[in-house]
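First the proteins, then the strands, lettered A, B, ... as listed; each starts at 1. Everything quoted here is computed from the prediction, not taken from an experiment.
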Amino acid sequence: MDAITTKHKLSNEEIFTILKSFITEVIGEEFVEDMDISRESSFARDLEMDSIEIVSFSEKVKSHFGENIDFTGWLSSMDLDQLINLKLDDIINYIETCQSSK
Amino acid sequence: MPVIQVKNKSVHIQELNKGARETIVLVHGMFSNLSVYYFNIAPVLAQSFHVVMYDMKSHGMSERCEYGYDLLSMTDDLRDLLDALHLKSVHLAGYSYGGLVAMKMAMRYPSRVKKLAVIEAPDPSDNETLSIIDIYSKEFLVDYINNYTDTTRMRMGKRQLDKNHRMYEYLFYETSIKEDMHNERFFFSDDTIGNIAQDTLLIYGKSSNCLPSGRKLYHTVPRSKMTLIEGDHNLPIQQPLETANKLKDFFIGWQVKFKQINHKLWQALRLSYHP
């Protein structure tokens with residue numbers, strides 16, 4: 001998938017919607033139906049994503065937001081516990097910060 | 001999602017820093033996947049190298065396969081992957097059983113491996129190692145039951161339990177993995193290990209059960225050096241940054257560092273020269 005360079009800054013809500021769609025693609029609609037995906041959802045605990053699913057998710061984030069953010073670099077600064085406790089809101093805030101620093 | 005076709009099989013790969021001059025290929029262990037490198041180790045190596053990670057057959061997001069988990073087949077897979085990516089010669093690092101794959105690659109295709117790093121490779125003849133797949137299987141099943149019945153502790157969710165259970169069930173009961181791994185039990189006795197000509201770095205955990213295996217390799221592989229890190233067999237998870245930095249320093253090597261220092265000195269001299 002080619003990187004999509006967004007011409008305008010996405011709102012917090014728009015980023016949330018995009019990330020939710022990525023989660024659905026990674027873990028499958030049949031599982032998402034039973035989940036309440038919120039900004040406070042943690043990847044490992046609440047969404048039950050394993051490491052290879054988080055890889056898949058982060059590749060989608062990288063493909064979508066392209067050069068605007070160094071998502072892998074940001075993740076690499078975290079230890080295992082931080083990755084496990086990573087919440088959707090953390091990623092939304094990170095993407096928003098990257099957008100505003102452009 | 002970068003899934004490529006290699007000899008008519010789907011292989012999930014991830015690449016970082018594609019434009020770099022030299023490539024490091026990272027091989028994960030059995031019952032794992034490329035995520036063991038993806039989050040912490042690969043980004044550090046990608047500061048200086050093109051990094052390629054791939055999921056072995058039936059692991060991660062690569063295609064399932066009933067046969068070919070022995071070291072010959074696994075190195076055929078790796079050679080085919082290098083061909084598909086047009087990589088003639090690479091640095092190679094492997095963890096656990098992936099370490100054995102990396103060594104076998106250096107033995108079979110020496111011209112395609114520049115430097116070799118082996119992380120926590122077990123001696124397949126150890127009884128403990130031989131029983132690992134059985135232990136893993138039983139442990140998994142016990143965990144499966146415990147986590148289902150014990151609601152008082154934090155547990156793996158049902159979806160993950162089912163997913164893992166399906167993977168183990170498939171590998172243990174529908175593929176040749178057990179037999180293939182068992183057939184590699186004499187690998188450390190293979191005389192050609194002593195012919196590995198590459199500079200080799202052996203990384204082991206100070207409290208790892210595999211440490212004696214590392215010491216055996218240190219005495220067998222001619223151009224090997226050994227480095228120990230706090231931790232056990234799960235070193236890349238426990239100490240990812242230290243593991244990454246050891247790998248990076250090794251693959252960069254003192255010659256390159258010397259060149260970098262030389263270059264900086266030369267630039268400084270040019271800047272300070274005012275005729």
Interface residue of largest heavy-atom contact number with chain B, from A:G73, A:S77, A:S58, under 4.5 Å
A:S58

Tell me, for A:I54 versus chain B, whether the close heavy atoms (under 4.5 Å) come from the side chain, the backbone, both or neither.
both

Side chain, backbone, both or neither: which part of A:M78 has a heavy atom under 4.5 Å from chain B?
backbone

For A:F22 and A:H64, take the angle between the two ring planes, folded into 0 to 90°, and tell me which bin it lands in: parallel under 30, tilted 30 to 60, perpendicular over 60.
perpendicular

Check the angle between the aromatic planes of B:H91 and B:F49 and answer parallel, tilted or perpendicular using the 30° and 60° thresholds.
perpendicular

Cationic N near anionic O, under 4.0 Å, B:E22 to B:K115:
no

I'd like to know if B:K163 pairs up with A:E48 as an ion pair, taking the criterion as any Lys NZ or Arg NE/NH1/NH2 lying under 4.0 Å from an Asp or Glu carboxylate oxygen.
no

Hey, do the aromatic rings of A:F43 and A:F57 have their centres closer than 6.0 Å?
yes

Proximal component of B:P43, with respect to chain A [non-hydrogen, under 4.5 Å]:
side chain

Applying a strict 4.5 Å limit to non-hydrogen atoms, the region of B:L16 in contact with chain A is side chain

